Number of protein chains: 2
Amino acid sequence: MSINGVDTKTLFATIDAVKGQPELAKFQFRASNRWINGTHNRTSINGYYGAGQEFTRAADHEYDADHPPVLTGSDQGPTPVEFLLHALAACLTSGLANIAAARGIALTEVTSTVEGDIDLRGILGLDPEVRNGFQNIRVDFAIRGDGSPEQMQDLVARSRARSAVFDVLTNGVPVTVTAKAI
Amino acid sequence: MSINGVDTKTLFATIDAVKGQPELAKFQFRASNRWINGTHNRTSINGYYGAGQEFTRAADHEYDADHPPVLTGSDQGPTPVEFLLHALAACLTSGLANIAAARGIALTEVTSTVEGDIDLRGILGLDPEVRNGFQNIRVDFAIRGDGSPEQMQDLVARSRARSAVFDVLTNGVPVTVTAKAI
C-alpha cells in the first residue's frame, strides 16, 4: 500500500528489522567543504554509513554558501544559517508525510515557511550579551488533505516529536572541531 | 586592502556602522518549503531582512531533500540532517576566511570534513532513551596559508567562538511550530 508516495509496507518492515537488530539503526552522515574565496565555500555530500553498510550515491550533491554583499560576501549562495532553516522545514515535512501515511491520511499539499531572527552584534563581536546564532525560529505549516483539522495539527505535533533536525536545533548536540595546518 | 578575497576595509566599516547603529544588526532569514512526494520536498531561499531593509536576490536558491531508499525515500536529495553538516562547515569556513583576513594571514587552501553519528531508533520511535538527532558531530579542518600552525589553530578556535551555526547546533534555539489545515 502506498499513500503520500510512502510505501508503508516497507516503512513498517524497516521498523521491524531495526527492532530485531538495533545495530542497523546506527548511521553516520558526512559532508566535506572546500573554501573558494572570501566567505564563499562549497560543500559536497555523498556517502554515508547505515544499516550495517556503506552507501554511495550516483553523484555528489554540491552546495555553495556565501554571505550577501551587506555582510561583505559576494552572494554566491545562501548564508550558512539559511541552510539550517531549510534542514528544519525539510525534516518536519518528510516526517509529516511518513506519519500521515502510517495513519492512512492522504495529503495533497504541504507548505511551510521558516523565519529565523538573528542579531549580528553577536558574530561581529560587538556585544558579549548577544548570542551568535538565531534568537528564535518559527515554522508555519499549511496542510491540505483528507484529515480533520485536529488530525492535521496532530501530524505536525508528532512530526516535531520525532524530528532529528528539530531535536538538534532545540536541544543542541556536542560538536568537536579540530584543525591542522598543512 | 583585500586578502583571502575579503575586503577588510568594508568589513571594518561594517563593524563600525553597526557599532553606531545597533538596529542595523537585526536580521531575519527565511526559507519556504513545499512537499513533493513521500519524503521528498523542496526548499526555496531568497529574501531576507537586515541592515534596516528588505533584500531580494536575483533568483531563488532551491534545494531538494529526501530520505535514501534504505529509509524508504527515493534519494532525490540529501537527508535534512546532512544539510546541518553543510551549514556547520560553511559557517566555520566563512568565519575563518574573514578572521584570517582581519589578522593579515593569507590562506591558500581550507578544507573540512564533517561527520555526524545518529541512531535511528530515536526517530523510528523504538527506544525512548535514544535521542532523535545526532549524538555527536566532528569537524576536521586542514588549512594551508602563511600563518604558523599555532595561528591556524587559533583561526579555527576564533571562528568557532563567533560562528552562528556552531552556536545554534551546540546550544540550541527556541523553535515554535504552528500548523493550519487549508
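Note that the structure is predicted; figures quoted are calculated from it, not measured.
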Contact origin within A/Val156 toward chain B - heavy atom pairs under 4.5 Å: side chain
Please flag which part of A/Ile182 lies under 4.5 Å from any non-hydrogen atom of chain B: side chain, backbone, both or neither. both
Ion pair B/Arg57/A/Asp75, N-O distance below 4.0 Å: yes
Rounded to the nearest 0.5 Å, what's the gap from [atom1] on [X] to [atom2] on [Y]? Could you check?
X	Y	atom1	atom2	answer
B/Ile118	A/Asp167	CD1	CG	8.0 Å
A/Arg42	B/Thr93	CZ	OG1	13.0 Å
A/Lys180	B/Asp140	NZ	CG	8.0 Å

Of the listed residues (A/Lys19, A/Arg138, A/Met152, A/His86), which shares the most heavy-atom pairs with chain B below a 4.5 Å separation? A/His86
If you count heavy-atom pairs under 4.5 Å with chain B, which of A/Ala51, A/Pro149, A/Ala89 comes out on top? A/Ala89
Full working for side-chain contact (heavy atoms from CB on, under 4.5 Å) between A/Leu84 and B/Val168: CA-CA 9 Å; A/Leu84 296 180; B/Val168 168; 3.9 Å; yes
Name the orientation class of the two ring planes belonging to A/Phe83 and B/Phe83 (parallel below 30°, tilted from 30 to 60°, perpendicular beyond 60°). parallel
Using non-hydrogen atoms and a 4.5 Å limit, figure out which bit of [X] sits close to chain A: side chain, backbone, both or neither.
X	value
B/Asn46	backbone
B/Tyr49	neither
B/Thr10	both

Locate the shortest heavy-atom distance separating B/Ile45 from A/Glu82; write the atom from each residue and the value. CG2-OE2, 3.1 Å
Testing the basics here: between A/Val70 and B/Tyr48, what is the closest heavy-atom pair and its distance to 0.1 Å? CG1-OH, 4.0 Å
Any donor-acceptor N/O pair, B/Gln153 side chain to A/Ala179 backbone, under 3.5 Å: yes
If only atom types and distance count, is the side chain of A/Thr39 paired as donor or acceptor with the main-chain N or O of B/Ser94 below 3.5 Å? no
Taking the side chain as every heavy atom from C-beta outward, state whether [X] and [Y] have any atom pair closer than 4.5 Å.
X	Y	result
A/Asn132	B/Phe166	no
B/Leu120	A/Val18	no
A/Phe141	B/Thr178	no

